[in-house]
Each structure stands twice: as structure tokens, then as C-alpha cells.
Amino acid sequence: VEILYDSRSGGTCQRRLVDPYRLDVRERGYLEMQAWCHIGEKVKTFALDRVLEARLTEQAFVVHPWNPEDE
């Protein structure tokens, strides 16, 4: 999935290629997505309310080793 993400922590708005792993409910009912980020080459948490655009790509992905307990 390609997303246009407005990063609050990084202060940037950029397109990212991500491989979604799961969605979770966070505080106050907001949703977050854990996904492999091709820019950072690791699983990152993305607030769904910060995703401005999303589009499917034709690329398949392989799940990288990830332990959600490490978050």
C-alpha cells in the first residue's frame, strides 16, 4: 500500500510504501496501523487519522519478523 502520511513526530508529509500487518484501537478510539515501512526498513506504527491518501499497489510482500511486544 502506498500512503501519503502526515507525520506529527517527524513534522513531514511524504509518500511511503508500507506493508500493513495489523490495525489496533488506541486511546480515545483512534485507529493505528502497524506496518513494515520501506523507508525505515522496520515495522512502524501509523495513526490512521494521519493517512491523507492510500492506494493499493500491485506489489506482493513477505512478512518480516516482528514482535509486537517490542513496541
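Note that the CG atom of Leu17 and the CH2 atom of Trp36 stand 12.0 Å from one another [nearest 0.5 Å]. In this structure, CE on Met33 lies 13.5 Å from CZ on Arg50, to the nearest 0.5 angstrom. One finds the CH2 atom of Trp66 at 14.5 Å from the NZ atom of Lys44 (value rounded to the nearest 0.5 Å).
Looking at Tyr21 and Val63, their side chains come closer than 4.5 Å, going by heavy atoms from C-beta outward. The shortest side-chain heavy-atom distance between Tyr5 and Cys37 does not fall under the 4.5 Å cut-off. Residues Glu2 and Arg15 form a side-chain contact, since some pair of their non-hydrogen atoms from C-beta on lies under 4.5 Å apart. Residues Leu4 and Arg16 fail the side-chain proximity criterion, which asks for heavy atoms closer than 4.5 Å. No side-chain heavy atom of Leu48 sits less than 4.5 Å from a side-chain heavy atom of Tyr30.
With respect to Arg26 and Asp24, no salt bridge is recorded, no charged nitrogen being found less than 4.0 Å from a carboxylate O.
For the 3.5 Å distance criterion, the side chains of His38 and Asp19 qualify, holding a donor opposite an acceptor.
Across all their heavy atoms, Pro20 and Ala35 have their closest contact at CA-CB, 3.7 Å. Val1 and Leu56 get closest at one heavy-atom pair: CG2-CD2, 4.0 Å.
Note: the hydrophobic cluster containing Leu52 does not contain Leu31 (ILVMFWY, side chain heavy atoms under 4.5 Å, direct or indirect links). Residue Ile3 is not grouped with residue Ile39 when hydrophobic side chains (ILVMFWY) are merged at heavy-atom distances under 4.5 angstrom, including chains of intermediate members.
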